[in-house]
Amino acid sequence: MSAREAKAVKSPVERTPQTLGVHDRELLEMYYYVRLARAVDERMWALQRSGQAAFVISGQGHEGAQVGTVFALDRDKDWLVPFYRSVAAVLVKGMPPAEIFLIQLSKATDPSSGGRQMPGHYGHSGHKILSTSSPVTTQLLHADGIAYAAKLRGTGEVCVTEVGEGATSEGDFHEALNFAAIHRLGVIFLVENNGYAISVPLSKQMAVPNVSARAVGYGIPGVTVDGSHVLDVYVAAREAVARARRGDGPTLLEVNVPRLTAHSSDDRQEKYRSADEIRHTKEHDPVHVFAGELRAWGVLTDAREQEIAERVRRAVDEGTEIAEAAPAVDPATATRYVYYEHNAPPGRGR
Amino acid sequence: MADKRYLDAIHDALHEEMARDERVVVLGEDVGRKGGVFGVTDGLFEAFGEDRVVDTPLAESMIIGVSVGMAANGLIPVPEIQFADFIHPAFDQIVSEVARMRYRSNNDYGCPMTIRVPYGGGVHGALYHSQSIEAFYAHVPGLKVVAPYSPADAKGLLKAAIRDHDPVLYLEHKKLYRMIHDQVPDGDVDVPVGHAAVRRPGRDLSIFAYGLMMHEALGAADLLARDGIEAEVVDLRTLRPLDTATILDSVARTSRALIVHEDNRFGGFGAEVAATIAEEGFRHLDAPPTRVCGPDVPAVPFAPPLEQWFMPNAEKIAAAARTLVAY
């Protein structure tokens with residue numbers, strides 16, 4: 001793979017779902033998840049603004065990158081090692097909205113941490129989603145280890161891990177890509193490049209325009225796609241997953257995405273992004289771009305749009321109700337599971 | 001039962017556990033073809049293959065981070081950090097990831113692994129091949145920390161660590177590798193994590209030590225015996241969870257506590273032992289709990305006179321013990 005190829009940005013125009021072998025049914029399901037993730041995310045902010053949740057870290061703008069990528073996985077068999085913007089990814093991987101709201105409201109039945117972690121720190125062994133921490137980039141090495149174990153045990157599992165472009169400055173990024181490349185591990189390193197690490201722009205993070213250019217240094221393929229075009233992401237991810245499944249090794253998949261919100265509920269992005277830029281970013285909103293493409297392809301009609309909107313509304317409302325009705329965390333649980341407990345409920349931990 | 005060096009005991013435990021359970025994998029720098037820079041993993045590569053005995057790139061965060069993922073997906077990794085001095089790049093992975101995995105996931109994920117760490121001074125290793133790092137890690141809930149002295153304990157504790165559901169930092173003292181040898185049972189040796197052992201009974205004071213300092217503490221007890229002072233020597237073996245019952249029992253018998261480690265004194269592990277004795281055993285005490293530690297310079301200096309100045313030894317321990325007994 002040459003540096004020129006690694007930098008190549010794929011164009012969406014010539015390709016259609018038909019030529020790519022993607023069925024309408026799959027496209028509409030992807031669209032449902034893009035819409036669902038957006039609606040779940042908006043509800044997370046509403047819960048924060050109403051005082052029910054202390055904090056929100058958002059995935060708005062990242063939905064196309066995540067839905068397109070996770071759709072390329074075998075969602076029962078493969079692994080996801082997420083980060084804190086992985087709302088769409090964990091939904092596609094199997095977490096229902098109710099579980100996300102239980103996490104958002106830090107309830108006793110929060111499946112990721114039992115109310116111990118901040119919202120956005122997803123994890124669920126039942127869905128094969130690894131537990132998330134806050135130090136960025138550590139998880140890329142965990143993805144390597146999962147893929148190494150899959151190879152040694154012959155399970156055929158592939159692992160997607162997600163990270164922002166800012167986190168690629170950490171040493172663990174280098175160490176993880178290097179190790180995965182040496183052992184030809186089945187890892188897809190999904191870099192969701194939204195141009196900002198909190199307030200620090202891409203130009204202050206790296207001297208190259210694309211993270212994927214670095215793939216050359218590891219001897220692995222690196223591609224950059226536009227995350228507004230969900231089908232493009234899906235096709236690139238499908239290729240990366242096939243390569244991983246064949247035992248040919250990892251792929252650095254960079255997806256350019258807009259960051260449609262502040263970094264988190266504790267950030268005011270107006271201080272470092274101009275009003276113009278924030279407005280312009282919305283043009284790349286994957287929800288609208290994808291909807292437009294689906295209509296142009298004749299896949300999305302008014303009736304289907306309405307049907308999907310209703311399905312999303314129901315899922316979000318029901319999920320919210322379940323989470324709101326769930327019990328608060330009992331402080332008496334705070335000392336549990338520092339270490340293994342012999343009397344723990346079966347099926348959890350080891 | 002056979003006479004084994006400390007190094008052989010560790011090697012045998014690794015070999016036996018890898019043969020017993022195919023989920024066990026060893027990874028680290030030079031652990032494969034070379035068999036480790038100290039020879040501890042010698043022969044494992046030939047016996048179990050390159051997929052289970054992994055020569056890794058020179059990247060400590062990677063060694064531990066990859067182990068986290070291996071543990072999540074059904075393996076039992078035994079990563080080696082070549083020298084304790086080089087564990088610091090992996091601090092984040094160990095403290096933020098390994099130690100917290102079970103707690104932060106509310107028991108959804110465990111993180112079973114045994115991190116083998118050759119440590120300690122007295123080996124002409126200077127500032128960056130002599131460090132003791134136990135204080136950093138014993139501070140962290142979620143980790144277990146062991147530091148065996150005898151070859152039998154080295155074998156038993158390593159087997160126990162590998163079979164543990166939780167992550168264990170296994171500190172093996174470099175100077176002990178070829179310095180001591182003793183009878184080690186064949187096969188399994190029952191040394192559970194979390195238990196100290198009284199290695200020499202005595203009535204005049206208790207000396208608490210671990211690793212190489214156990215050797216010096218036993219030497220000090222011999223010196224003291226010539227003066228008619230009977231020191232009880234307790235091998236802590238596990239630093240976390242700390243066997244406070246055995247410590248307090250001993251102090252109840254002797255009324256005096258001397259804590260020995262080669263790590264720096266300030267904020268060192270001995271402070272925790274001293275505080276535990278002061279808080280929970282105050283009524284038994286006839287003298288203040290006292291420490292013999294490495295001095296508070298950044299690390300062990302190289303030139304032989306400097307290194308000897310740094311390292312606690314039997315004479316220094318005996319001198320402190322005499323002062324304590326005379327208190």
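All heavy atoms count here, side chains included; hydrogens, waters and symmetry mates do not. Protein chains get the first letters and strands the later ones, always in sequence-line order, with residue 1 at the start of each.
Shown here for Pro57(B) and Phe179(A), the closest heavy-atom pair between the two residues is CD-CD1, 3.8 Å.
Note that OH of Tyr109(B) is 12.0 Å distant from NE2 of His142(A), once rounded to the nearest 0.5 Å. Between the NE2 atom of His174(A) and the CE atom of Met62(B) there is a distance of 11.0 Å, given to the nearest 0.5 Å. With rounding to the nearest 0.5 angstrom, the CE atom of Met70(B) is 7.5 Å from the CG atom of Leu152(A). Rounding to the nearest 0.5 Å gives a distance of 13.0 Å between CD1 of Ile129(A) and OG of Ser105(B). Atoms OH and CZ, on Tyr340(A) and Arg102(B) in that order, are 7.5 Å from each other to the nearest 0.5 Å.
For Gln93(B) (side chain) and Thr138(A) (main-chain N/O), a donor-acceptor pair under 3.5 Å exists by modelled atom type. With Asp108(B) contributing its side chain and Ser125(A) its backbone, the two residues share a donor-acceptor pair below 3.5 Å. A donor-acceptor pair is defined here as one N or O able to donate and one able to accept, closer than 3.5 Å; such a pair exists between the side chain of Tyr339(A) and the backbone of Leu143(B).
Within 6.0 Å of atom OH in Tyr128(B), 12 or fewer heavy atoms from other residues, nucleotides or ligands are found, so the atom counts as exposed in its surroundings. For Arg246(A), the CZ atom counts as densely surrounded, since its 6.0 Å shell holds more than 12 non-hydrogen atoms of other residues, nucleotides or ligands. Other residues, nucleotides and ligands place no more than 12 heavy atoms under 6.0 Å from the CZ atom of Phe136(B). Within 6.0 Å of CZ on Arg184(A) lie no more than 12 heavy atoms contributed by other residues, nucleotides or ligands.
Looking only at atom types and distance, the side chain of Ser113(A) has no donor-acceptor partner in the side chain of Asn106(B) under 3.5 Å away. In this structure, a donor-acceptor pair under 3.5 Å is present between the side chains of Asn73(B) and Glu157(A).
Only the side chain of Ile182(A) has a heavy atom closer than 4.5 Å to any heavy atom of chain B. Neither the backbone nor the side chain of Leu27(B) comes within less than 4.5 Å of any heavy atom in chain A. Contacts of His121(A) with chain B are absent, with no heavy-atom separation under 4.5 Å from either backbone or side chain. With a 4.5 angstrom heavy-atom cutoff, Ala180(A) does not touch chain B via any of its atoms. Both the backbone and the side chain of Asp51(B) come within contact range of chain A, judged by heavy atoms closer than 4.5 Å. At a 4.5 Å heavy-atom cutoff, the contact between Pro141(B) and chain A is made by backbone and side-chain atoms alike. Heavy-atom distances place both the backbone and the side chain of Ser61(B) under 4.5 Å from chain A. With a 4.5 angstrom heavy-atom cutoff, Lys128(A) touches chain B only via backbone atoms. With a 4.5 angstrom heavy-atom cutoff, Thr132(A) touches chain B only via backbone atoms.
Between chain B and the residues Leu130(A), Asn178(A), Asp144(A), the largest count of heavy-atom pairs under 4.5 Å involves Leu130(A). Contact count against chain B (heavy-atom pairs under 4.5 Å) is highest for Arg153(A) among His183(A), Glu341(A), Arg153(A), Gln139(A). For the set Arg52(B), Glu22(B), Lys144(B), the count of heavy-atom pairs under 4.5 angstrom toward chain A peaks at Lys144(B).
The cationic atom of Arg116(A) (NZ for Lys, CZ for Arg) lies less than 6.0 Å from the six-membered ring centre of Tyr103(B) and within 45° of the ring axis.
Just one of Arg100(B), Arg104(B), Glu97(B) meets the side-chain hydrogen bond (donor to acceptor under 3.5 Å, both in side chains) condition when paired with Ser131(A); it is Arg104(B).
At least one side-chain heavy atom of Val54(B) sits less than 4.5 Å from a side-chain heavy atom of Tyr148(A).
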